[in-house]
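The sequence lines fix the lettering, A, B, ..., with proteins before strands; numbering per chain opens at 1.
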Number of protein chains: 2
Amino acid sequence: MSPAGTGRRTPRRTRQRQAVAELLAAHTGFVSAQRVHSLLAQGGVEVGLATVYRCLAQMVAGGELDTIVAESGEVLYRRCSADHHHHLVCRRCGTTVEVHDPHVESWAHDVARAHGFADVHHRVEVMGVCRACAH
Amino acid sequence: MSPAGTGRRTPRRTRQRQAVAELLAAHTGFVSAQRVHSLLAQGGVEVGLATVYRCLAQMVAGGELDTIVAESGEVLYRRCSADHHHHLVCRRCGTTVEVHDPHVESWAHDVARAHGFADVHHRVEVMGVCRACAH
DNA sequence: CTTTGTGCAAAGGCTTTGCATGCTT
DNA sequence: AAGCATGCAAAGCCTTTGCACAAAG
């Protein structure tokens, strides 16, 4: 609520937080908390599942991460890219392609404003079966 | 899989199914399964929660209902309108406006095909704060 | 009568939380 | 030294499933 400064304190620099941050920095697509946890474990980095959840939550609060909710109800995390874009996802293998189109952006905005809505966000997900999975 | 006819058998006509169907027919927005259950209970109609889930699942499979996943992870159900469209939702009061734009439809399709994706579906959600809540 | 639907309760998956301990500052 | 971060396990929520009984066709 403070106009100057977001009021969020800098988190402490721990091995676990660093590991989670690095993994998400290296990862391009969306990842679930559970997956972050097991990927770290596979890489030999032991981090408690609860800690993973807490780190991710803080990173989201800090604007470092973006989230979507999968159809299963799982929350998926992704590092925020500078520019807004959307995703084309293969529902079989999970391959993700980033899509960018200013047309859709302005459309969403226009529609919202036409109805008197402010502070507009939008989310577009296009799902299909990619060529490799289509056989 | 049968070319003529969808292959889905007509569900039996039960008090419970009727109740769920009627509630969704009367309801305009999105509702969770839990809410359907308690609304029915409030109306004096006792239907098991599991049954509510099963009815909803069948109605979705039959194309009678549309679903989205809320940020909480809950699945929300809504009766399907004949033509495909999207939603503009107020994140404060939940007011929902149906939006329809062929431009977005074809865009989604084109993008997907350009990347070799087949059997394409898409979902667009525009969220904002409506005029009444903007004060 | 046969088959499908229902109810209850248990189980399952993801996520959050309480509490004691360890590490950062 | 003081306080946030971590881990573990338990608890919470929504949803699904197994099984016996009831109802529909």
Side-chain angles (χ1 to χ4, degrees), chain A residues 6-24 27 29-62 64-78 94, chain B residues 5-24 29-62 64-78 94:
Chain A
T6 59
R8 81 183 146 94
R9 308 169 284 295
T10 20
R12 286 187 176 170
R13 179 158 280 277
T14 68
R15 172 181 71 77
Q16 295 85 337
R17 178 174 303 278
Q18 185 106 17
V20 172
E22 283 180 10
L23 190 147
L24 269 100
H27 208 95
F30 285 100
V31 218
S32 68
Q34 305 272 353
R35 195 159 159 64
V36 168
H37 177 253
S38 65
L39 284 176
L40 289 174
Q42 281 177 40
V45 184
E46 296 287 321
V47 179
L49 183 55
T51 300
V52 171
Y53 275 104
R54 283 187 281 231
C55 284
L56 292 172
Q58 284 180 34
M59 293 174 79
V60 169
E64 300 171 53
L65 295 183
D66 220 6
T67 67
I68 61 172
V69 182
E71 295 186 10
S72 64
E74 268 187 322
V75 178
L76 304 181
Y77 302 81
R78 168 178 151 286
Chain B
T6 59
R8 80 182 149 97
R9 310 168 282 296
T10 19
R12 286 186 178 172
R13 180 157 279 279
T14 69
R15 172 181 71 76
Q16 294 86 336
R17 177 174 304 277
Q18 186 106 16
V20 172
E22 281 178 11
L23 191 148
L24 268 101
F30 284 100
V31 217
S32 69
Q34 306 271 354
R35 196 159 156 65
V36 167
H37 177 252
S38 66
L39 284 175
L40 289 174
Q42 280 178 41
V45 183
E46 295 288 321
V47 179
L49 182 54
T51 300
V52 171
Y53 276 105
R54 284 187 281 231
C55 283
L56 292 174
Q58 284 180 33
M59 294 173 78
V60 169
E64 300 171 54
L65 294 183
D66 219 6
T67 66
I68 62 172
V69 182
E71 294 187 9
S72 65
E74 270 188 323
V75 178
L76 304 182
Y77 302 81
R78 170 178 153 288

Are OP1 or OP2 of C:dT16 and a side-chain N or O of A:Tyr53 less than 4.0 angstrom apart?
no
Between CG of B:Leu24 and CG of B:Leu56, what distance do you get to the nearest 0.5 Å?
6.0 Å
Rounded interatomic separation in angstrom, taking CG from B:Leu40 and P from C:dG7
11 Å
Output the rounded distance in Å from CG (B:Leu56) to P (C:dG5).
14 Å
For A:Arg17, which residues count as a side chain to side chain contact (heavy atoms under 4.5 Å, CB included) partner, sequence neighbours excluded?
A:Pro11, A:Thr14, A:Cys55, A:Gln58
Would you say the side chain of A:Val20 lies within less than 4.5 Å of the side chain of A:Thr51, judging by non-hydrogen atoms?
no
B:Arg13 CZ to C:dT3 C1', in whole Å, measures 18 Å
Quick one: what's the B/S/- string for nucleotides 5-13 of chain D, heavy-atom cutoff under 4.0 Å, read 5' to 3'?
SBBBB----
Would a 4.5 Å heavy-atom cut-off, applied to side chains only, mark B:Val60 and B:Tyr77 as touching?
yes
Show me, pair by pair, the donor-acceptor contacts under 3.5 angstrom made by side chains of residues 29-38 of chain B, not counting sequence neighbours?
unit_1: B:Ser32; atom_1: OG; unit_2: B:Arg35; atom_2: N; d: 3.0
unit_1: B:Gln34; atom_1: NE2; unit_2: B:Tyr53; atom_2: OH; d: 3.1
unit_1: B:His37; atom_1: NE2; unit_2: B:Val47; atom_2: O; d: 3.1
unit_1: B:Ser38; atom_1: OG; unit_2: B:Arg35; atom_2: O; d: 3.3

I need the minimum non-hydrogen distance between B:Gly73 and A:Val69, along with the two atoms involved.
CA-CG1, 4.3 Å
